[in-house]
Trainee: 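Below you will find the structure I want to go over with you.
The structure presented is a predicted model; accordingly, all values stated were derived computationally and were not measured.
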Amino acid sequence: MQQSQSRSLVDWLSYLEQIHPVNIDMGLDRVGAVARRMGLTHLPFKVITVAGTNGKGSSCAMAASILMDAGYQVGVYSSPHLLRFTERVRINGAELADSDHCTAFAEVEAARGEIALTFFEFATLAGLWLFRRAAPDVLLLEVGLGGRLDATNVVESDVAMITSIALDHCDWLGDTREAVAVEKAGVYRAGKPAISGEPNPPVTIASEAARLGACLRQVGIDFRGDEHDTGWDYHGLHQWLDLPKPALPLMNAVTVLAALESLGLPLPEEAIRQGLANARLAGRMQQLQSDPLVIVDVAHNPHSAAYLAAQLRKMPCTGVRRAVVGMLKDKDMAGSLGELDGLIGEWYLASLTGPRAASAAQLAGALGSERGPATTFDSVGQAYAAALAASSPDDMVIVFGSFYTVADILAGAAV
């Protein structure tokens, strides 16, 4: 391997994939030690940590949009990326140059010494270094997996929020919602606002917040959003009336406003309105074309698939709904596909690639024969092409199941 100063971003990413024997190695001892060496645990600006089973990316997008409309400089750390690694670190919505990431990787490499880091840990430390250098007013820090033992949790945040609690990543987070909630609530901090947007919270959210000494605020108790014909109203520490319905999930918008008002920065109501109205996120109920209508969504577990189903029910289709699906085998395939019962006329099942990939045959087994005709394909591209070829202008094509599935389509569409 060439010297770190001359490595390209492609070289660095290849190197990061090789330096640790496993992709996921939960715990903060190693990454925390390097973070302290680099001075990254206490950042000189406001930090909101965003945890949750689903809705983290949407929440960060809405919070960033509101804050930028209010005139603040905003950093967003997110994962995974769809098309480019550089999507993971954004300042005021813009990605940084490859060379900036290479510089940050070199800093982490110099600081870690003999400490082994996973890809995500290395990338997170590099991202934090870039944010410290850029010094935004607010950093929105999206948790990768869980919360308590996630690399992002080395940072002391000013506000921590949980978007939702559902079963996913059970091998690492536990197989009950109560256990998952403990892991998510690990991002809460003593004496700091702890926001929960889960409408049906396991009791362990409150008990863990109390154990940590965090200042818990829960949706339905301390804040709420009331939807009406022309928009919705927010009620919390402040009252904002007749806000526009966002293109992203309203339940997450409610939680975002609770987190932002807890942060304590002035927010003009017009910035909230404009920020909500303008917030978008690639791969979330994203329309690629009409006639036939094509929607892509990264829904990959039953909770997110249920939201997708609810949105589809609001979108009348006079023709046939065709679903292009590719999933990872460690997800609840049967549960996710079952959430779309009665909504899909034809299924186009695609094999993904990689060690976690589910084959089209495995998807067919999870789907069962009672949910409509299904055809299997060797790739997402083949399945998508076949679905489009079979569709008339009145039909609809929905692509979902994984970030990898949606990324394949977006890459082909050059989005």
Trainee: Once salt bridge (charged side-chain N to carboxylate O under 4.0 Å, His left out) is applied, do any residues pair with Arg211, and if so which ones, sequence neighbours excluded?
Mentor: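 Expected list: Glu208.
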
Trainee: Under the rule for side-chain contact (heavy atoms from CB on, under 4.5 Å), what residues qualify as partners of Ala259, not counting sequence neighbours?
Mentor: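 Ala259: side-chain contact (heavy atoms from CB on, under 4.5 Å) contacts with Val159, Met161, Ile195.
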
Trainee: Take Arg217 and Ser262 through the test side-chain hydrogen bond (donor to acceptor under 3.5 Å, both in side chains) and record every step on the way to the result.
Mentor: CA-CA 9 Å; Arg217 297 182 62 213; Ser262 296; 2.8 Å; yes

Trainee: Determine whether Glu142 and Thr152 make a side-chain contact, defined as any pair of heavy atoms from C-beta on separated by less than 4.5 Å.
Mentor: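 They are not in side-chain contact.
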
Trainee: Report yes if some heavy atom in the side chain of Ile398 is under 4.5 Å from a heavy atom in the side chain of Leu308; otherwise report no.
Mentor: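 Counting from C-beta outward, Ile398 and Leu308 do come under 4.5 Å.
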
Trainee: May I ask you to decide if Ala179's main-chain N or O and Thr176's side chain share a donor-acceptor pair within less than 3.5 Å?
Mentor: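 Yes: the side chain of Thr176 pairs with the backbone of Ala179.
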
Trainee: Looking at Ile48, Leu128, Val74, which hits side-chain contact (heavy atoms from CB on, under 4.5 Å) with Leu139?
Mentor: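 When side-chain contact (heavy atoms from CB on, under 4.5 Å) is applied between Leu139 and each of Ile48, Leu128, Val74, only Leu128 qualifies.
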
Trainee: Which atom names give the shortest non-hydrogen contact between Gly75 and Pro136, and what distance separates them?
Mentor: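 Smallest heavy-atom distance, with atoms named: N-CB, 3.8 Å.
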
Trainee: Holding to ring-ring contact (aromatic ring centres under 6.0 Å, His included), I want the full list of residues that pass it with Phe403, two or more places apart in sequence or in another chain.
Mentor: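 Residues passing ring-ring contact (aromatic ring centres under 6.0 Å, His included) with Phe403: His300.
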
Trainee: Under 3.5 Å, is there a donor-acceptor pair between the side chain of Gln18 and the main chain of Tyr15?
Mentor: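 Answer holds: no.
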
Trainee: Over all heavy atoms of both residues, which pair between Thr53 and Thr163 is shortest? Give the atoms and the distance, please.
Mentor: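 Here Thr53 and Thr163 meet closest at N-OG1, 4.3 Å.
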
Trainee: Could you verify whether a donor N or O on one side chain and an acceptor N or O on the other, from Asn54 and Asn301, lie under 3.5 Å apart?
Mentor: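 Yes - a donor-acceptor pair under 3.5 Å links their side chains.
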
Trainee: Aromatic rings Phe122 and Trp12: how do their planes relate, parallel, tilted or perpendicular, breaks at 30° and 60°?
Mentor: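 Aromatic pair Phe122/Trp12 classed tilted.
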
Trainee: Closest approach of Ser58 and Pro249, non-hydrogen atoms and distance?
Mentor: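 Of all heavy-atom pairs spanning Ser58 and Pro249, the closest is OG-CD, 3.8 Å.
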
Trainee: Decide yes or no for Trp347 and Thr375: does some side-chain heavy atom of the first lie under 4.5 Å from some side-chain heavy atom of the second?
Mentor: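 No. Closest side-chain heavy atoms not under 4.5 Å.
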
Trainee: Does Trp240 have any ring-ring contact (aromatic ring centres under 6.0 Å, His included) partners at least two apart in sequence or in another chain, and if so, which?
Mentor: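 For Trp240 the ring-ring contact (aromatic ring centres under 6.0 Å, His included) partners, ignoring immediate neighbours, are Tyr234, His238.
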
Trainee: Among all residues two or more places apart in sequence or in another chain, which pass the side-chain hydrogen bond (donor to acceptor under 3.5 Å, both in side chains) test with Lys245?
Mentor: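 side-chain hydrogen bond (donor to acceptor under 3.5 Å, both in side chains) check on Lys245 returns Glu227.
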
Trainee: Give me each pair satisfying ring-ring contact (aromatic ring centres under 6.0 Å, His included) with a member in residues 126-150, each pair once, sequence neighbours excluded.
Mentor: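 Every candidate ring-ring contact (aromatic ring centres under 6.0 Å, His included) pair involving residues 126-150 fails, so no pair, neighbours aside, qualifies.
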
Trainee: Please work out which of the three classes, parallel, tilted or perpendicular, describes the rings of Tyr77 and Phe120, given edges at 30° and 60°.
Mentor: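 Because their plane-to-plane angle lies in the 30° to 60° range, the rings of Phe120 and Tyr77 count as tilted.
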
Trainee: Any side-chain heavy atom of Leu276 sitting closer than 4.5 Å to one from Ile66?
Mentor: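 Answer yes - side chains close enough.
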
Trainee: Counting only N and O atoms by type, is there a donor-acceptor contact under 3.5 Å from the side chain of Asn153 to the main-chain atoms of Gly186?
Mentor: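 At least one qualifying donor-acceptor pair exists.
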
Trainee: Per the side-chain hydrogen bond (donor to acceptor under 3.5 Å, both in side chains) rule, what does the pair list look like for residues 191-206, sequence neighbours excluded?
Mentor: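 Pairs touching residues 191-206 that pass the test: Arg177-Glu198.
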
Trainee: Under 3.5 Å, side chain of Arg322 to main-chain N/O of Ala390, donor-acceptor pair present?
Mentor: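 Yes, the answer is positive, given that a donor and an acceptor are paired below the 3.5 Å cut-off.
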
Trainee: In chain order, what residues pass the salt bridge (charged side-chain N to carboxylate O under 4.0 Å, His left out) check against Asp100, with sequence neighbours excluded?
Mentor: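 By the salt bridge (charged side-chain N to carboxylate O under 4.0 Å, His left out) rule, Asp100 matches Arg133.
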
Trainee: So does Gln218 get a backbone contact from the side chain of Asp222, meaning a donor-acceptor N/O pair under 3.5 Å?
Mentor: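 Such a contact is found between Asp222 side chain and Gln218 backbone.
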
Trainee: Just so I know, are the side chains of Met285 and Met315 near enough to count as touching, which here means a heavy-atom distance under 4.5 Å?
Mentor: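 Sidechains of Met315 and Met285: in contact.
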
Trainee: Would you say Val298 and Ser304 make side-chain contact, with heavy atoms under 4.5 Å?
Mentor: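 Not touching, per the 4.5 Å side-chain cut-off.
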
Trainee: Distance check, rounded to the nearest 0.5 Å: Met38 atom CE versus Leu125 atom CG?
Mentor: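 So the gap between those two atoms works out to 6.0 Å.
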
Trainee: Test side-chain contact (heavy atoms from CB on, under 4.5 Å) on Ile295 and Leu288 and set out the steps.
Mentor: CA-CA 6 Å; Ile295 300 292; Leu288 297 189; over 6 Å; no

Trainee: Kindly state whether the ring of Phe223 and the ring of His235 have centres lying under 6.0 angstrom apart.
Mentor: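 Ring-ring flag for Phe223/His235: false, centres at least 6.0 Å apart.
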
Trainee: Does a salt bridge link Arg148 with Glu183, judged by any charged N lying under 4.0 Å from a carboxylate O?
Mentor: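 Looking at Glu183 together with Arg148, the answer is yes, because their closest N to O distance falls below 4.0 Å.
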
Trainee: For Tyr348 and Gln382, what are the C-alpha separation, side-chain angles and deciding distance, and is it a side-chain hydrogen bond (donor to acceptor under 3.5 Å, both in side chains)?
Mentor: CA-CA 9 Å; Tyr348 294 70; Gln382 291 176 5; over 6 Å; no

Trainee: Side chains of Lys56 and Asn252: does their closest heavy-atom pair fall under 4.5 Å?
Mentor: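 The answer is no; the side chains never approach within 4.5 Å.
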
Trainee: If you look at every heavy atom in Leu145 and Asp150, which pair is closest and at what distance?
Mentor: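 Shortest heavy-atom separation between Leu145 and Asp150 comes out as N-OD1, 2.8 Å.
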
Trainee: Under a 4.0 Å N-O cut-off, is there an ion pair linking Arg112 with Glu109?
Mentor: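 Yes, Arg112 and Glu109 are salt-bridged.
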
Trainee: Are there over 12 heavy-atom neighbours, none belonging to Phe377, within less than 6.0 Å of that residue's CZ?
Mentor: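 Yes - once you tally the heavy atoms of other residues, nucleotides and ligands closer than 6.0 Å, there are more than 12.
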
Trainee: Report the residues that fulfil side-chain contact (heavy atoms from CB on, under 4.5 Å) with Ala357, sequence neighbours left out, ordered by chain and then residue number.
Mentor: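 Here the qualifying residues are Leu352.
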
Trainee: For the CG atom on Asp378, are there more than 12 heavy atoms of other groups (residues, nucleotides or ligands in this structure) within a distance under 6.0 Å?
Mentor: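 Not more than 12 within 6.0 Å, no.
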
Trainee: Check whether any side-chain heavy atom of Ile115 sits under 4.5 Å from a side-chain heavy atom of Arg37, and report yes or no.
Mentor: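 Yes, at least one pair of side-chain atoms sits under 4.5 Å.
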
Trainee: Output yes when a side-chain donor or acceptor of Glu121 lies under 3.5 Å from a complementary backbone atom of Val31, and no otherwise.
Mentor: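 Not a single qualifying donor-acceptor pair exists.
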
Trainee: Given the side-chain rings of Phe400 and Tyr384, with only the six-membered ring counted for Trp, is the space between their centroids under 6.0 Å?
Mentor: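 No - the distance between ring centres of Phe400 and Tyr384 does not fall below the 6.0 Å cut-off.
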
Trainee: Are any side-chain N or O atoms of Asp233 and backbone N or O atoms of Leu241, one a donor and one an acceptor, separated by less than 3.5 Å?
Mentor: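 No, Asp233 side chain to Leu241 backbone: no donor-acceptor pair under 3.5 Å.
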
Trainee: Please give me the minimum heavy-atom distance between Ser79 and Gly144, naming the atom from each residue.
Mentor: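 What the structure gives for the nearest pair is OG-CA, 4.1 Å.
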
Trainee: Could you check whether any side-chain N or O of Asp11 sits under 3.5 Å from a backbone N or O of Ser8, counting only pairs where one atom can act as donor and the other as acceptor?
Mentor: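 Here the side-chain-to-backbone pair exists.
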
Trainee: Who are the side-chain hydrogen bond (donor to acceptor under 3.5 Å, both in side chains) partners of Ser164, not counting sequence neighbours?
Mentor: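 Ser164 satisfies side-chain hydrogen bond (donor to acceptor under 3.5 Å, both in side chains) with no residue once adjacent residues are dropped.
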
Trainee: Evaluate Trp232 against Val254 for side-chain contact (heavy atoms from CB on, under 4.5 Å), listing each step before the verdict.
Mentor: CA-CA 10 Å; Trp232 66 287; Val254 176; 3.6 Å; yes

Trainee: Quick one: salt bridge (charged side-chain N to carboxylate O under 4.0 Å, His left out) partners of Arg88, sequence neighbours excluded?
Mentor: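 Partners of Arg88 under the salt bridge (charged side-chain N to carboxylate O under 4.0 Å, His left out) test: none.
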
Trainee: Checking Asp137 against Lys46 for the side-chain contact (heavy atoms from CB on, under 4.5 Å) test, could you report, in this order, the C-alpha distance in whole Å, the side-chain angles of both residues, the deciding distance, and whether it holds?
Mentor: CA-CA 6 Å; Asp137 298 308; Lys46 298 285 189 181; over 6 Å; no

Trainee: Please answer whether the main-chain N or O of Val296 pairs with a side-chain N or O of Arg284 as donor and acceptor at a distance below 3.5 Å.
Mentor: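 Answer holds: no.
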
Trainee: Which atoms form the tightest heavy-atom contact between Ser391 and Ala387, and what is the distance?
Mentor: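 Scanning both residues, the minimum pair turns out to be OG-O, 2.7 Å.
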
Trainee: Would you confirm whether Ser402, through its side chain, and Met327, through its main-chain N or O, come within 3.5 Å as a donor-acceptor pair?
Mentor: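 Checked: no pair found.
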
Trainee: Arg132: what forms a salt bridge (charged side-chain N to carboxylate O under 4.0 Å, His left out) with it, not counting sequence neighbours?
Mentor: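 Salt bridge (charged side-chain N to carboxylate O under 4.0 Å, His left out) list for Arg132, sorted by chain: empty.
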
